[in-house]
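Structure below; questions to follow.
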2 protein chains.
Amino acid sequence: MFAETADYIKTDNVPGASWRNSTPYTSRSVQTIEHGASLFFQGDDAEYVFEVVEGVVASYSVLADGRRQVHCFFFPGDMLGLTPDAVYHANTCSIGKSRVCSIPRAKLMQIAKERPEIAAKLFESATAQLVGMQDHFVLLGRKCAQEKVASFLSALGARYATEGADTVTFRLPMTRSEIGDYLGLTIETVSRTMTKLRIAGAINLPNPATVEVLSRRRLERLAGDGAGY
Amino acid sequence: MFAETADYIKTDNVPGASWRNSTPYTSRSVQTIEHGASLFFQGDDAEYVFEVVEGVVASYSVLADGRRQVHCFFFPGDMLGLTPDAVYHANTCSIGKSRVCSIPRAKLMQIAKERPEIAAKLFESATAQLVGMQDHFVLLGRKCAQEKVASFLSALGARYATEGADTVTFRLPMTRSEIGDYLGLTIETVSRTMTKLRIAGAINLPNPATVEVLSRRRLERLAGDGAGY
DNA sequence: CGACGGCTTGATGATCATCAAATAGGGTGG
DNA sequence: CCACCCTATTTGATGATCATCAAGCCGTCG
């Protein structure tokens with residue numbers, strides 16, 4: 001969505017080699033982020049706003065004793081690093097290798113002042129994330145393990161599904177640990193729940209990283225969403 | 001924050017009597033919302049953006065079987081009804097009597113195009129909500145009952161606290177049921193946990209609706225946040 | 001004064017976390 | 001190319017936390 005905006009910004013204003021993980025500046029403001037590498041940490045100066053171009057990036061918080069909560073997985077087209085001030089409020093890490101487009105935040109905010117359609121896109125991106133987060137509240141606060149996992153796989157499946165087909169096969173980019181930290185479960189519970197879904201005939205697991213949704217409809221029913229209003 | 005913006009909008013453009021709960025249009029675009037009344041429901045056309053002027057408003061989702069999750073409590077100064085499209089994505093209800101300022105959404109978006117500082121405020125409001133929601137993810141996904149309740153009371157206490165004082169007394173505007181639906185707990189667990197906090201000497205409960213935080217510092221420690229990074 | 005709704009407290013049980021161990025898959029070095 | 005190792009995942013056993021069911025309490029309001 002904003003990948004093209006980056007080009008609007010003169011690249012000679014973009015400082016190079018400013019990455020905590022020493023990812024080289026590529027001169028097209030698109031960086032390749034290695035598996036596990038971070039775009040930024042909580043408390044860092046918010047120098048850039050990012051758009052995922054390829055791969056997946058996770059944002060998360062950690063409590064003092066190590067408990068971790070993944071807030072969100074960002075997929076291609078998603079913006080991250082949006083903050084109300086000039087500081088990041090979460091940590092990030094790349095799930096597998098990913099490519100992100102970086103846009104200097106101050107510059108972008110400046111441009112937003114001149115071009116209303118850019119400001120509107122930023123607002124739309126932020127509010128779309130707000131809406132997405134609401135479903136996740138319901139999941140975390142009110143769903144049981146089976147509903148959580150079914151919801152997760154269902155949502156991920158929808159991303160890869162072809163129109164009309166009731167089955168999907170896709171590769172899970174994230175580990176059980178990351179899934180658990182996203183769903184508020186332990187890795188053991190995630191694993192057990194997935195086998196349960198497999199035994200129930202809702203999915204197949206040719207290998208731990210590959211999910212075959214046998215019936216999207218059924219999985220959605222197991223997700224417990226029904227027609228909430 | 002936006003209360004003044006409402007005045008920028010010519011009031012003769014604001015349709016009256018458009019409220020689902022038949023709240024009368026007051027000609028100053030500030031409505032009084034009765035206890036339990038709703039500003040809007042999920043799926044409604046997003047005619048207005050609101051700013052809470054007084055009282056508290058909750059937004060929530062409901063699953064088909066009645067399980068409810070409160071996403072957020074909106075206090076004076078908070079905006080609600082921000083959406084990426086023209087539809088509301090959550091339900092709302094007033095906690096006790098409240099007063100809200102309503103701003104026609106289309107009009108506001110139009111104004112945002114002409115006045116960058118308004119667009120910036122909208123963006124800031126949306127992203128500030130994003131940041132606030134992240135802490136709530138941690139609470140819902142990774143905290144135990146005691147930490148949840150302590151976090152909640154601590155946050156609420158901070159809102160009423162006076163600079164430097166380690167104690168606060170305030171009135172809980174919401175019921176145990178609403179607190180439970182916000183924290184992902186049952187009313188019984190909320191009640192039990194509050195008693196535990198009382199016995200532990202962290203708070204006092206002169207009556208069910210009044211909380212006296214005896215030590216904000218201690219309550220914060222019980223909230224489990226420590227120095228997450 | 002009595003009834004109602006919200007809150008508290010108690011008893012029990014289900015779900016999920018924890019601890020522990022076995023298995024499988026992928027990558028590395030011989 | 002194969003053997004090995006390391007890590008992720010799966011599976012099992014046990015226990016803690018919190019939900020559920022149930023009853024009693026308290027303040028409010030008619």
Is there a donor-acceptor pair closer than 3.5 Å between any side-chain N or O of Gln129(A) and the backbone N or O of Ala126(A)? no
Select from Ser191(A) and Gln146(B) the residue whose nearest nucleotide in DNA chain D is closer to the 5' end of that strand. Ser191(A)
dG25(C) C1' sits how many Å from Leu172(A) CG, rounded? 16 Å
Taking any heavy-atom pair under 4.0 Å as a contact, classify Leu185(B): base, sugar-phosphate, or nothing. sugar-phosphate
Rounded to whole Å, how long is the line connecting atom NZ of Lys148(B) with atom C1' of dT17(D)?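 These atoms are roughly 11 Å apart.
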Of Leu39(B), Val53(B), Thr32(B), the one forming a side chain to side chain contact (heavy atoms under 4.5 Å, CB included) with Val100(B) is Leu39(B)
Side-chain N,O (Ser177(B)) to OP1/OP2 (dG6(C)) below 4.0 Å: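 Indeed not, no polar side-chain atom of Ser177(B) lies that close.
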In this structure, how many angstroms lie between the C1' atom of dT17(D) and the CD atom of Glu147(B), rounded? 12 Å
Ignoring hydrogens and geometry, is there a side-chain-to-backbone donor-acceptor pair from Thr210(A) to Asn207(A) under 3.5 Å?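 No.
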Between Asn204(B) and Pro206(B) (side chain of the first, backbone of the second, donor and acceptor by atom type, cut-off under 3.5 Å), is there such a pair? no
Checking Arg67(B) side chain against Val138(A) main chain: does a donor-acceptor pair fall under 3.5 Å? no
Start at the 5' end of DNA chain C and walk down; is the nucleotide closest to Met174(B) or to Arg142(B) reached first?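 Closer to the 5' end of DNA chain C: Met174(B).
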Counting heavy atoms from C-beta on, name the nucleotide in dC7(C), dT11(D), dC16(C) closest to the side chain of Ala145(A).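 The listed nucleotide nearest to Ala145(A)'s side chain is dC16(C).
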Just checking, is any N or O donor in the side chain of Thr186(B) or Thr189(B) under 3.5 Å from an acceptor N or O on the other one? yes
I need the CG-P distance between Leu139(B) and dC18(D), as an integer number of Å. 12 Å
Without decimals, in angstroms, what is the distance between Asp65(A) CG and dA17(C) P?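 Computing the Asp65(A):CG to dA17(C):P distance gives 15 Å.
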Evaluate the ring planes of His136(A) and Tyr182(A), with Trp represented by its six-membered ring, and classify them as parallel (under 30°), tilted (30 to 60°) or perpendicular (over 60°).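 Answer is parallel, since the angle falls under 30°.
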Does one side chain, of Ser61(B) or Gln134(A), offer a donor that lies under 3.5 Å from an acceptor on the other?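 There is no such pair between these side chains.
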Contacts under 3.5 Å, N or O only, protein and nucleotides 21-23 of chain D:
residue : atom : partner   : partner atom : Å
dC21(D) : N4   : Glu188(B) : OE2          : 3.1

Grab the CG-P distance between Leu197(B) and dT9(C) for me, whole Å please. 13 Å
Counting just side-chain N and O atoms, does Thr189(A) come under 4.0 Å of either OP1 or OP2 of dA17(C)? yes
First of Arg198(B) and Cys144(A) reached from the 5' end of DNA chain C, by closest nucleotide: Arg198(B)
Atom-pair distance (CZ on Arg171(B); C1' on dC7(C)), nearest Å: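 For the pair Arg171(B) CZ and dC7(C) C1', the rounded distance is 14 Å.
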Positive for ring pair (Phe, Tyr, Trp, His ring centres under 6.0 Å) with Tyr88(B), one of Tyr48(B), Phe40(B), Tyr60(B): Phe40(B)
What does the list of N/O pairs under 3.5 Å between the protein and nucleotides 4-8 of chain D look like, with a distance for each?
none

For a quick check of understanding: with a heavy-atom distance under 4.0 Å over all strands, which category does Gly184(B) fall into, base, sugar-phosphate or nothing?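 Touches sugar-phosphate only.
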With nearest nucleotide decided by heavy atoms, which residue, Lys143(B) or Met194(A), maps closer to the 5′ end of DNA chain D?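 Result: Met194(A).
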Let me see the working for Met133(A) and Leu130(B) under side chain to side chain contact (heavy atoms under 4.5 Å, CB included), right down to the final yes or no. CA-CA 8 Å; Met133(A) 289 169 103; Leu130(B) 283 178; 3.2 Å; yes
Output the rounded distance in Å from CG (Leu205(B)) to P (dT8(C)). 7 Å
